[in-house]
Participant: 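Structure below; questions to follow.
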There are 2 protein chains.
Amino acid sequence: MDEIARQAGVSKTTVYRALSGQGRIGESTRRRVLDIAERAGYRPNRLARGLRRARTGLIGVVVPGIEGQFYARLLEGVEKALQDVDHRVLLTMSRGQREYELVESLLDMQVDGLIVASETDEPEFYTRLLERRVPIVFIDREVPGLHADLVATDHFQGGVLLGEHLRERGYRRPAFLSMTDSPRRIGSVEDRWCGFRSVFRNAALLEFPFVASAERYQEDHPEAPQPETFSELCRHAVAGALEPLDGFPYDSVFAQYDHFALALIDALKAAGLRVPEDVGVVGFDDHDFTGYTEPSLTTIRQPLREIGLQAARRLLERIEEPDLPAAALRLPPRLIARRSSEPLAAKEQP
Amino acid sequence: MDEIARQAGVSKTTVYRALSGQGRIGESTRRRVLDIAERAGYRPNRLARGLRRARTGLIGVVVPGIEGQFYARLLEGVEKALQDVDHRVLLTMSRGQREYELVESLLDMQVDGLIVASETDEPEFYTRLLERRVPIVFIDREVPGLHADLVATDHFQGGVLLGEHLRERGYRRPAFLSMTDSPRRIGSVEDRWCGFRSVFRNAALLEFPFVASAERYQEDHPEAPQPETFSELCRHAVAGALEPLDGFPYDSVFAQYDHFALALIDALKAAGLRVPEDVGVVGFDDHDFTGYTEPSLTTIRQPLREIGLQAARRLLERIEEPDLPAAALRLPPRLIARRSSEPLAAKEQP
DNA sequence: CGGCCTTGCGTAACCGATTCCGCGACCCAC
DNA sequence: GTGGGTCGCGGAATCGGTTACGCAAGGCCG
């Protein structure tokens, strides 16, 4: 800018006025400066601007990882919404740990706000941040006792949809396959459980060891061979959950994620059970391939992209208007009925 | 920092020396300053530091999108490697357009370097950037005529592996299913084609309309209903590619991505053909679900995470040492043999 | 014609960390 | 006891935009 000012024979302030359109400036000067800037290939330094204005156009995003497609789709929505208003995503992956460090480092970089879609559950940290008036929007993750913005799928409704679906199709003894830590710890799964139970009072709870990431798995099983993909990870975990069972006393299972559902189907097949003839299975997420599996998987499609979009928009609003009351936005999920929950009626008329 | 200096009764310079460990400073002063800073919850402003040092610890990353799992896994590797050295990822998604604008905006933010894993192919833009000595590492994308760092799968080798696999299993009339734009435009697919042809001289080339993203699809087919997932997108495209065919004259198909492979299998089934009995199908990528599909999919597992890691490391090296000669790193892929390419021998002995 | 307002532009401070330069005190040796 | 060196520290400039303030010229009004 100094250089341009010199070339145009004006002050830096005037250059600024020409470039920004702010303030009073003569038309001819403006043109001349703009012309010189253009010719010089001038591009503003966003760091310097951010420093002075205390606004960087940077949004910090925290996710556990993006291999699981779930967070990837969310992120697509977030990035899209932010790109539309010329903001940038500063992305970090917590991989089930170090979440607070990462958030701190994002704040050090002077992000304008945070979108947190992660898994830890210590509210104190975020309480302090909210007291400091750091704009935060949580995605799909209700921090207990925290009065903050939230955008999520209506998980209760998802539980209801699947419950009603199974009931309509004639299933009567369903199980709810979950991780050891939930439903107490993970709000979304808790909500699904409540919705599901509102349809099936007698639903049983099946649990298996918590699996978040390859790193985490490696920590928990230091000597086991490292699974290469998330699918393999789930397969190990689900197999472990079925082992202690004496026979398989359920006629259907609501698995919390499609990965678990597919792993379960594999485990059931290995145990000599047919899906859906002996056991119906439904998942949650509608991953890309669930239409191609054998059997194809009945599942819930969450409006992930939309959630990301809304979360980003909400955050931008809050940055503009820090005093907005905190609100939760729950978007409706959609049932995708496929073969893995084929009606019992069908199997009883061979 | 001024505040801390005041409280400690020293100058800002001294505070800096205490905090950074740089320069000469008395032990007692150091302790006192550190103590006060700790108590005040001081955190350095990375913007200011970046401005002064011309080093931000920010790395710009450009990908088309991350729903397709391919870029998601790459990104996992990149983020991991950068996190280890306390750098952050500034993520942008080009969605098949606006790539240059995005790169410019990343540079405005004073990123230390760029990792580009995207799809456009105009070398001029990047030539200029390289002349300006902007550190760039390309991922899985050879820009023609550009002498730059590259990290990729050894696609030629991948083509060879699949070719040999099909030949060993008895297939003789293979087709190479690709997008209209390739293999001329996309280097990786071109390489696979060469590798595949080095095994099967008579391999045929099947093409279908290019599909990159929902946005792009919508542009090309403004009045068609918007597919909701990438799978659906591929299904439309592949179906279109098979339509003009008179019968199906091939005994096997090498589809360039697992998504295409699965879409193809669906299309073949719909046409009354059995996979792998009538037609063997192999894919490329080893997506998360390809072990669960019916039939399970033979494919190539690319070391995506590793590619991301190496690319990030390479970029860091180049940032430190801008005069390094440009190099291409091609990592070996791995064949994952599954049912979709079951030996012909098996089908001929019923 | 003097007071007042608008226009067009410049000066200097500022954001917060970093860095160059240098000064006074002190130690050691010749 | 004086020259040379080290130690501990401060002043001020710097990175590149942004902004508060103010000044001179010119027009308009009473």
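First the proteins, then the strands, lettered A, B, ... as listed; each starts at 1. Both backbone and side-chain heavy atoms feed into the values below; hydrogens, waters and symmetry mates do not.
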Participant: Counting side-chain heavy atoms from CB outward, which of D/dG8, C/dG10, C/dA17 is closest to A/S11?
Facilitator: C/dG10
Participant: I'd like to know if A/K80 pairs up with A/D84 as an ion pair, taking the criterion as any Lys NZ or Arg NE/NH1/NH2 lying under 4.0 Å from an Asp or Glu carboxylate oxygen.
Facilitator: yes
Participant: So which nucleotide from C/dG22, D/dC15, D/dG17 ends up closest to the side chain of A/R52?
Facilitator: D/dG17
Participant: Are more than 12 heavy atoms from other residues, nucleotides or ligands located less than 6.0 Å from atom CD of B/E27?
Facilitator: yes
Participant: Salt bridge check, B/R55 against B/E320: does any charged N sit closer than 4.0 Å to a carboxylate O?
Facilitator: yes
Participant: Tell me: CG of B/L19 to C1' of C/dT18, nearest whole Å?
Facilitator: 12 Å
Participant: Output the single nucleotide from D/dG16, D/dG17, C/dA17 whose closest atom is nearest the side chain of B/A48.
Facilitator: C/dA17
Participant: Considering only C/dT11, D/dG16, D/dG17, which nucleotide approaches the side chain of A/R49 most closely?
Facilitator: D/dG17
Participant: Output the single nucleotide from C/dT18, C/dT11, D/dT18 whose closest atom is nearest the side chain of A/K12.
Facilitator: D/dT18
Participant: Of all the choices, C/dC9, C/dC15, D/dG17, which nucleotide is nearest to the side chain of A/T29 once you look at every atom?
Facilitator: C/dC9
Participant: Could you give the CZ-to-C1' distance, from A/R46 to D/dG16, as a whole number of Å?
Facilitator: 14 Å
Participant: Report yes or no: do A/T56 and A/R46 form a side-chain donor-acceptor pair below 3.5 Å?
Facilitator: no
Participant: Could you tell me whether the side chain of B/T13 has a donor or acceptor atom within less than 3.5 Å of a complementary atom in the base of C/dT19?
Facilitator: yes
Participant: Any base atoms under 4.0 Å from B/R17, or only sugar-phosphate, or nothing? Heavy atoms, all strands.
Facilitator: base
Participant: Between A/M1 and B/R30, just flag the one whose closest nucleotide in DNA chain D comes earlier from the 5' side.
Facilitator: B/R30
Participant: A/R53 has a side chain; which of C/dC20, D/dT19, C/dG16 sits nearest to it?
Facilitator: D/dT19
Participant: Can you tell me if A/Q302 and A/R73 form a side-chain donor-acceptor pair at under 3.5 Å?
Facilitator: no
Participant: Specify the separation, in whole Å, of atom CD of A/Q110 and atom P of D/dG16.
Facilitator: 19 Å
Participant: What is the separation between atom CZ on B/R6 and atom P on C/dG16, rounded to the nearest whole Å?
Facilitator: 14 Å
Participant: Going through the distances and angles, do A/E99 and A/S94 end up as a side-chain hydrogen bond (donor to acceptor under 3.5 Å, both in side chains)?
Facilitator: CA-CA 5 Å; A/E99 178 174 328; A/S94 65; 4.6 Å; no
Participant: Side-chain N or O of B/Y16 less than 4.0 angstrom from OP1 or OP2 on D/dG8?
Facilitator: no
Participant: Quick check on DNA chain D: between B/E27 and B/L51, whose nearest nucleotide comes earlier from the 5' end?
Facilitator: B/E27
Participant: Nearest whole angstrom, please: distance from the C1' of D/dG16 to the CG of A/N45.
Facilitator: 6 Å
Participant: Among C/dG10, C/dT19, C/dC9, which nucleotide has an atom closest to any side-chain atom of A/R24?
Facilitator: C/dC9
Participant: Among the nucleotides C/dA17, D/dG8, C/dC9, which one has an atom lying closest to any side-chain atom of A/I25?
Facilitator: C/dC9
Participant: Whole-Å distance between D/dG17 P and A/Q22 CD?
Facilitator: 15 Å
Participant: Using whole Å, report how far CE of B/M109 lies from P of D/dG16.
Facilitator: 17 Å
Participant: Taking any heavy-atom pair under 4.0 Å as a contact, classify A/R43: base, sugar-phosphate, or nothing.
Facilitator: sugar-phosphate
Participant: Roughly, in whole Å, what's the span from CG in A/D108 to C1' in C/dC15?
Facilitator: 16 Å
